[in-house]
There are 2 protein chains.
Amino acid sequence: MIYSKIAIDCVVIGYSVQENRFKILLIQRNNEPQKGAWALPGGFVKQTEEFETTAKHILKKETGIRNIFMDQLKAYSLTGCEDADRIISIAFFSIINMEKVKSDEAEQYSKWFDLHKIPKLPFDHKNKVKDTVDYLKMHVNTQPYLFKLLPAKFTLNQLQRIYECLFNVSIDNRNFRKKAKQMAYIEKLDELEVNTSRRPAYLYKFNPSKYKQAFKLF
Amino acid sequence: MIYSKIAIDCVVIGYSVQENRFKILLIQRNNEPQKGAWALPGGFVKQTEEFETTAKHILKKETGIRNIFMDQLKAYSLTGCEDADRIISIAFFSIINMEKVKSDEAEQYSKWFDLHKIPKLPFDHKNKVKDTVDYLKMHVNTQPYLFKLLPAKFTLNQLQRIYECLFNVSIDNRNFRKKAKQMAYIEKLDELEVNTSRRPAYLYKFNPSKYKQAFKLF
DNA sequence: GCAAAAGTGTTACCCTTACACCCATGA
DNA sequence: TCATGGGTGTAAGGGTAACACTTTTGC
């Protein structure tokens, strides 16, 4: 019988509305192996609790970020990369709006990297990032991930730019707005942007329960 | 540091063209706990190898089935259900055509159950079955799972019946065939059904590479 | 008034849906 | 010849895609 250590890695995908860029949160490893290298936040499971709980603890400890959702991606096996042990690594991911993360939560060793300018990562971390991005692209039309990338109140053009950035396409603005108007879960507020140096846009908010109703499986 | 045993469970979803029914493959447990109960085929990881390899070995050992694809569903944590150990269970699933499984592969202790008449299952097995069915429904339009439920050569009406059975709806036959005709990866053969007691239907086959091209992520 | 982004309608085309009858085969 | 499932076309309506200009604001 084999007993394994269980590691958890956190793939935190962020999006900056200001920069219109997808980001990934990395930490500078404090322990061997690969001490000093940029890597996914991660750690070993040390208590019997739900993996998701552990994942959130690890993320908070390593980056200071808390109160975000985490979903399981899948389990990976790492054989023989540390001692002769078999290690299981369960990857969790989160999809968040970078600007929502308070700056006092940003710890010394964590840093956002542009998704297209990721440094060389140790172990199978690059795979996990790729798998998460693929997962996001595949589920973006059936799960409300995109709205997690935006502030609670957002403009339609901000939403459009996320689509365009994620899939590297450009969308007709009139058609996009027409479609958005049909979606009951995108609710127009009676409120305008503030502190803008141009014509302020109307703000909208996402209604999760209406979304659920629209996308429930039969 | 916690060390865990790693279990693997196999959710094998089958479909019988003859019966037009979805099935699940269960085994009668040979070991405690829950000896004698119907359960998912499963076992512990005993060597360092890819989980998928282990899953296939387990399935072969417990049911005799081999040479089928298995995809990872996700990892589950089972805390305190056996001794005081933490057990990790990684669920794998397979989607197959029941009639493709040779009868000499059917072992003494495995049996197909109608998906709507599943006996009470131990541990979290019921959850795993539900999660697999949900996964299947959600990915059926973007992954070629449906074709794995059919023989290599199938008729359009067989394909239609799978849709209808899976989602419990009825589809207009003319519209279904029209749509199927547009899909380049469903290729009509110059061949008819044999041994039928009615008008024989044309056979079709699935072209995986054309499918990939149609569904690749941007 | 100018720069910069917000916001708006119409048309053509395509895809979806609804609907009913003839065909080929074995018994 | 009959029973059974296989196979076909058309028209209406809804949704998608292509297209350019006006509006509002800060400076």
Side-chain angles (χ1 to χ4, degrees), chain A residues 15-21 99 140-142 146 150-151 153-206 214-215 218, chain B residues 15-21 99 140-142 150-151 153-165 167-206 214-215 218:
Chain A
Y15 173 79
S16 160
V17 174
Q18 269 118 63
E19 296 179 55
N20 186 27
R21 286 246 170 75
E99 283 113 6
V140 92
N141 289 312
T142 46
L146 283 195
L150 288 169
K153 298 176 183 179
F154 55 87
T155 73
L156 289 187
N157 288 343
Q158 284 168 357
L159 183 61
Q160 180 179 342
R161 280 191 286 270
I162 292 186
Y163 267 100
E164 293 179 325
C165 184
L166 183 59
F167 293 113
N168 196 31
V169 293
S170 65
I171 304 173
D172 181 274
N173 183 250
R174 276 170 292 190
N175 292 336
F176 183 85
R177 301 173 82 88
K178 220 183 303 168
K179 207 183 219 172
K181 232 169 261 178
Q182 295 168 212
M183 297 177 180
Y185 49 87
I186 300 177
E187 295 179 344
K188 187 173 186 173
L189 300 172
D190 221 3
E191 226 175 307
L192 293 166
E193 273 184 304
V194 290
N195 295 329
T196 169
S197 70
R198 35 160 183 70
R199 175 175 177 182
Y202 273 98
L203 293 170
Y204 290 75
K205 76 184 174 67
F206 172 64
F215 282 90
F218 300 85
Chain B
Y15 173 78
S16 160
V17 174
Q18 269 118 63
E19 296 179 57
N20 186 25
R21 285 246 170 74
E99 284 114 5
V140 92
N141 289 311
T142 46
L150 289 169
K153 298 175 182 181
F154 54 87
T155 73
L156 288 187
N157 288 343
Q158 284 167 358
L159 183 61
Q160 181 179 342
R161 279 192 288 271
I162 293 187
Y163 267 100
E164 294 178 325
C165 184
F167 293 113
N168 196 31
V169 294
S170 64
I171 303 173
D172 181 274
N173 183 251
R174 276 171 292 190
N175 293 336
F176 183 85
R177 301 174 81 87
K178 218 182 307 167
K179 207 183 219 171
K181 230 168 266 178
Q182 294 168 214
M183 297 177 181
Y185 49 88
I186 301 178
E187 296 178 343
K188 188 173 186 172
L189 301 172
D190 223 4
E191 227 175 308
L192 292 166
E193 272 183 304
V194 290
N195 294 329
T196 167
S197 69
R198 32 162 185 69
R199 174 176 177 180
Y202 274 98
L203 294 170
Y204 291 75
K205 75 181 174 67
F206 172 64
F215 280 91
F218 301 84

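At least one cation-pi condition fails for B:K153 and B:Y204: the charged atom is not both under 6.0 angstrom from the six-membered ring centre and inside a 45 degree cone around its axis. Both cation-pi conditions hold for B:K188 and B:Y202: the charged atom is under 6.0 angstrom from the six-membered ring centre and inside a 45 degree cone around its axis.
In this structure, A:F176 places its CZ atom 18 Å from P of D:dG15, rounding to the nearest Å. Straight-line distance from the CD atom of A:Q160 to the C1' atom of C:dA5: 12 Å, rounded to whole Å. Rounded to an integer number of Å, the gap from B:R174 CZ to C:dA18 C1' is 8 Å. Between B:K188 atom NZ and D:dG6 atom P there is a gap of 14 Å when expressed in whole angstrom units. Remark: C1' of D:dG15 and CG of A:D172 are 15 Å apart, rounded to the nearest angstrom. For B:R177 and D:dG9, the CZ to P distance is 11 Å, given to the nearest whole Å. One interatomic measurement links the two molecules: CD of A:E193 to P of C:dA4, which rounds to 17 Å at whole-angstrom precision.
Taking the side chain as every heavy atom from C-beta outward, A:F176 and A:L159 approach each other to under 4.5 Å. A:Y15 has its side chain within reach of A:N20: a pair of non-hydrogen atoms, C-beta onward, lies under 4.5 Å apart.
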Run the side chain to side chain contact (heavy atoms under 4.5 Å, CB included) test on B:R177 and B:N173 for me, step by step, so that the C-alpha distance in whole Å, both residues' side-chain angles and the decisive distance to 0.1 Å come before the verdict.
CA-CA 6 Å; B:R177 301 174 81 87; B:N173 183 251; 3.3 Å; yes

Enumerate the protein-to-nucleotides 11-17 of chain C contacts in which both atoms are nitrogen or oxygen and the separation is below 3.5 Å.
| unit_1 | atom_1 | unit_2 | atom_2 | d |
| --- | --- | --- | --- | --- |
| C:dT17 | O4 | B:K178 | NZ | 2.9 |

Below 3.5 Å is the cut-off: list the nitrogen or oxygen pairs between protein and nucleotides 25-27 of chain D, distance only.
| unit_1 | atom_1 | unit_2 | atom_2 | d |
| --- | --- | --- | --- | --- |
| D:dG26 | O4' | A:S197 | O | 3.2 |

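Comparing B:N173 and A:Q158 by the nucleotide of DNA chain C that holds the closest heavy atom to each, the one mapping nearer the 5' end is A:Q158.
For B:L192 against B:P200, the heavy-atom pair with the smallest separation is CD2-O, 3.9 Å.
Under 3.5 Å, the side chains of A:T155 and A:E193 contain no donor-acceptor pair of N or O atoms.
Atom CD of residue B:E164 and atom CD1 of residue B:I171 lie 5.0 Å apart, to the nearest 0.5 angstrom.
Comparing C:dG9, D:dG7, C:dA6 by their closest approach to the side chain of A:N157 singles out C:dA6.
Electrostatic pairing of B:E19 and B:R161 does not count as a salt bridge here, judged by no charged N lying under 4.0 Å from a carboxylate O.
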